[in-house]
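These values consider heavy atoms only, across backbone and side chains, with no hydrogens, waters or symmetry-generated copies.
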Amino acid sequence: MNAWYLICFLSALAVFIAFTNQFILKMQTTIAITTGSVVISLLLIIAVKMLGDETALFITQVVGGIDFNQLLLKGMLGFLLFAGALEIDLTALRKQRWEITILVLFSTLVSTFLVGYLSYYLFALLNFPIPFIYCLLFGALISPTDPIAVLAIIKQMSAPQGISIQVEGESLFNDGVGLVIFTTIFAVAFYGTEANFHDVAELFLTDAIGGILFGLVIALLGHFTIINCKDVNTRLLVTLTIPSAGFALANIWEISGALAMVTSGILLGNITREKASKRRGPEGTRYVKDFWHATDSFLNALLFLIIGMLIVTMPLSWEVIGLGLLMVPVVLFARFISVGTPYLVFKRYRSYDKHSVKILTWGGLRGGLALAMAAAIPSDKVFIQGLDIHDIMVIITYVVVIFSIIVQGLTISPLIQKSIQAAEEKANLESQGK
């Protein structure tokens, strides 16, 4: 069985889990898929231990045939970010553009360095010293939020638009910014790039600004083509071209394909969709919207199952799993500080939901992007106490992500409910005042 067959079977398994979930567990789909991938991974690990080395070798060869860097960071990521950006409400985004900009830039950077420093000293304290640059790399890959599951809960519970757009906008843009930070630190860690401020800043700005400008260009081309296209299937194919050829071109030019996809997705999902609806009717745009919503859910489901298979082939140890569990409170603490600090300033100029910081902290789930970046770290390059840094990073990240989506995702609802109640009380007071 080759890697392509494995992906095909995992795709079928993802659909099966999503289908059975609606009758049995009735969880949010992403949470159900993640839980299913964990259970399947554990069963495979047990099976490999029981069936012997030949089975382990077979699974390792099959999974080893997948180039995770190409598949995830150079392929699936473009579709995931583009699909998510199509759902963003540009009008609501404009109202909180400064808050989201600060959360995306300041909070992601602060969280990266907080996690980096705290993990560095904690690992050293536990006699498992990991060089600072790799701790910082872990901080970069774990800081971007990927709250796909919590967004679905927020929409399902009709959470106040203010907090909803903050979570959505921040998660999409800090995916792009986080990937740029990760790429910059990655270049320093593995390619020997000089870590001086000028070179790092130049690399960061070229990547980020270049990605945004390129996203504007392909959005304009896509807008013109879609508006003037009469066939709905061709319009759909145009949207497929952007996260495929557009994302590939951005990677070839070494600019941020992630930010390009977010920029183009927001513009096409708002300006183009509105004009196309007026010219062609709402049915044509609904078809495209439904397609991308389904694609987003499917790719995320597939991603978690693929990463689950990757874990099976790794030399698991209780020591590294324990380090992953210790990183959970570290990541949450860094998230709370990096989000809570800007809100101390925000509250001087505008009133916010009193549960905003709690929701952004507990609802800032880590997901597919963190796993994709961890899987992209090269293997057989650096070893810590006989363990490959690639394996260490993937396992620690996997533990944090699993806790994030299953535990945080299943317990975020009460916080959102409090936010809804607070919004209703505020509306009632305002109506009584009138």
Side-chain angles (χ1 to χ4, degrees), residues 1-51 54-84 146 148-149 151-152 233 236-237 239-240 243-244 247 287-314 365 367-372 374-376 394 398 401-402 405-406 409:
M1 183 171 65
N2 59 30
W4 171 247
Y5 290 162
L6 174 65
I7 292 173
C8 290
F9 291 136
L10 289 177
S11 300
L13 182 58
V15 174
F16 175 75
I17 293 173
F19 174 75
T20 54
N21 171 63
Q22 62 183 329
F23 300 106
I24 303 173
L25 298 175
K26 298 181 180 179
M27 294 180 180
Q28 198 279 326
T29 304
T30 304
I31 296 174
I33 291 289
T34 307
T35 306
S37 70
V38 174
V39 172
I40 291 168
S41 301
L42 292 174
L43 291 175
L44 280 172
I45 291 170
I46 294 170
V48 166
K49 297 294 183 183
M50 292 178 65
L51 295 174
E54 291 185 5
T55 304
L57 180 63
F58 172 72
I59 294 175
T60 302
Q61 288 175 342
V62 173
V63 178
I66 302 175
D67 187 331
F68 285 93
N69 184 34
Q70 291 295 323
L71 176 65
L72 303 178
L73 287 183
K74 304 296 184 183
M76 289 172 64
L77 181 63
F79 290 88
L80 289 166
L81 292 178
F82 182 75
D146 187 18
I148 295 162
L151 283 180
N233 291 318
L236 178 58
L237 291 174
T239 63
L240 278 169
S244 54
F247 189 65
Y287 175 60
V288 175
K289 182 179 179 180
D290 290 344
F291 169 81
W292 278 106
H293 183 74
T295 300
D296 188 26
S297 300
F298 170 73
L299 288 178
N300 272 286
L302 178 60
L303 175 61
F304 279 99
L305 288 173
I306 290 174
I307 296 294
M309 291 296 295
L310 177 64
I311 294 294
V312 175
T313 66
M314 291 184 178
L365 308 187
L369 179 64
L371 290 169
V394 171
Y398 189 72
V401 168
I402 294 308
I405 291 185
I406 296 178

Kindly assign one of parallel, tilted or perpendicular to the pair Phe9 and Tyr5, based on the angle between their ring planes and the thresholds 30° and 60°.
tilted

For Ala370 and Val401, work out which heavy atoms get closest and say how close.
CB-CG2, 4.2 Å

What's the separation between atom CH2 in Trp292 and atom CG in Leu80, rounded to the nearest 0.5 Å?
9.5 Å

Who pairs with Ser244 by side-chain contact (heavy atoms from CB on, under 4.5 Å), at least two apart in sequence or on another chain?
Phe79

Of all the heavy-atom pairs spanning Pro243 and Gly78, show the shortest one and how long it is.
CB-O, 3.6 Å

Which residues share a side-chain contact (heavy atoms from CB on, under 4.5 Å) with Tyr398, sequence neighbours left out:
Ser37, Val38, Ser41, Ile307, Ile311, Leu371, Ile402

Excluding sequence neighbours, so at least two apart, what forms ring-ring contact (aromatic ring centres under 6.0 Å, His included) with Phe291?
none

What is the minimum heavy-atom distance between Thr20 and Ile17, and which atoms define it?
OG1-O, 3.2 Å

Partners passing side-chain contact (heavy atoms from CB on, under 4.5 Å) against Asp290 (at least two apart in sequence or in another chain):
Arg286

Over all heavy atoms of both residues, which pair between Ile405 and Leu365 is shortest? Give the atoms and the distance, please.
CA-CD1, 4.3 Å

